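A short write-up of the structure that comes next.
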Amino acid sequence: MKIWIYDTKTPSHRIVKLNREEHSGFEYLGDLNDDELKSFFLELQDDIDVDKNIKLIKYYGYLHLFITPKK
């Protein structure tokens, strides 16, 4: 599926917005299959629920992730 991304990084957190439609301010991430999407999620955070998030983006067409660094 074609994915566009908007990524905001701060010292305390990271917000990653993914969308299946082109939006202003979003960059094209690529045409990713499930395995590539799984790898992308695991790069963001190693303990993320990959299957749940793949289902959510397929169903809703967008996904917002709030990621905090582990201490």
Side-chain angles (χ1 to χ4, degrees):
M1 78 182 84
K2 294 182 179 182
I3 303 286
W4 283 262
I5 185 171
Y6 183 80
D7 194 356
T8 305
K9 296 177 187 176
T10 69
S12 62
H13 66 276
R14 182 176 181 186
I15 298 174
V16 179
K17 297 178 183 180
L18 302 172
N19 206 306
R20 291 181 58 191
E21 296 179 1
E22 186 175 358
H23 281 275
S24 174
F26 281 59
E27 294 182 24
Y28 184 65
L29 182 62
D31 191 2
L32 307 178
N33 63 30
D34 286 358
D35 291 332
E36 293 168 328
L37 201 52
K38 180 178 181 177
S39 295
F40 174 75
F41 284 138
L42 291 174
E43 287 175 16
L44 291 176
Q45 191 169 15
D46 59 356
D47 65 346
I48 196 166
D49 189 342
V50 175
D51 294 328
K52 178 182 92 174
N53 286 307
I54 289 175
K55 288 177 185 176
L56 287 171
I57 195 165
K58 283 182 176 182
Y59 184 79
Y60 290 109
Y62 68 92
L63 182 65
H64 296 180
L65 300 170
F66 181 80
I67 300 168
T68 56
K70 295 185 184 199
K71 296 180 180 180

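Everything numeric in this text was worked out from a predicted model, so none of it was measured.
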* Spacing of Lys17 atom NZ and Phe26 atom CZ [to the nearest 0.5 Å] -> 6.0 Å
* Structure fact -> For Val16 and Ile67, the nearest pair of non-hydrogen atoms, with its separation, is CG2-CD1, 4.3 Å
* Asked: Atom CZ in Arg14, atom NZ in Lys9: separation rounded to 0.5 Å?
  -> 4.5 Å
* Structure fact -> Heavy-atom nearest pair, Pro11 first then Pro69, reads O-CG, 4.3 Å
* Structure fact -> CD1 of Ile5 to CG of Leu32, rounded to nearest 0.5 Å, is 9.5 Å
* To do: Determine, using the 4.5 Å side-chain heavy-atom cutoff (strictly less than), whether Ile15 and Leu18 are members of one ILVMFWY cluster.
  => no
* Structure fact -> Heavy-atom nearest pair, Lys2 first then Asp31, reads N-OD1, 3.5 Å
* Derivation of the side-chain contact (heavy atoms from CB on, under 4.5 Å) call for Glu27 and Asp7 -> CA-CA 9 Å; Glu27 294 182 24; Asp7 194 356; over 6 Å; no
* Asked: Can Ile3 and Phe40 be said to form a side-chain contact (heavy atoms from CB on, under 4.5 Å), step by step?
  -> CA-CA 11 Å; Ile3 303 286; Phe40 174 75; over 6 Å; no
* Which heavy atom in Trp4 sits nearest to a heavy atom in Glu21, and how many Å separate them? -> CE3-C, 3.5 Å
* Asked: Could you go step by step and tell me if Tyr6 and Asn19 meet the side-chain contact (heavy atoms from CB on, under 4.5 Å) rule?
  -> CA-CA 9 Å; Tyr6 183 80; Asn19 206 306; over 6 Å; no
Run the side-chain donor-acceptor check on residues 50-63: report pairs under 3.5 Å with partners two or more places apart or on a different chain.
from	atom 1	to	atom 2	distance (Å)
Asn53	ND2	Asp49	O	2.9
Lys58	NZ	Asp34	OD1	3.1
Lys58	NZ	Asp34	OD2	3.0

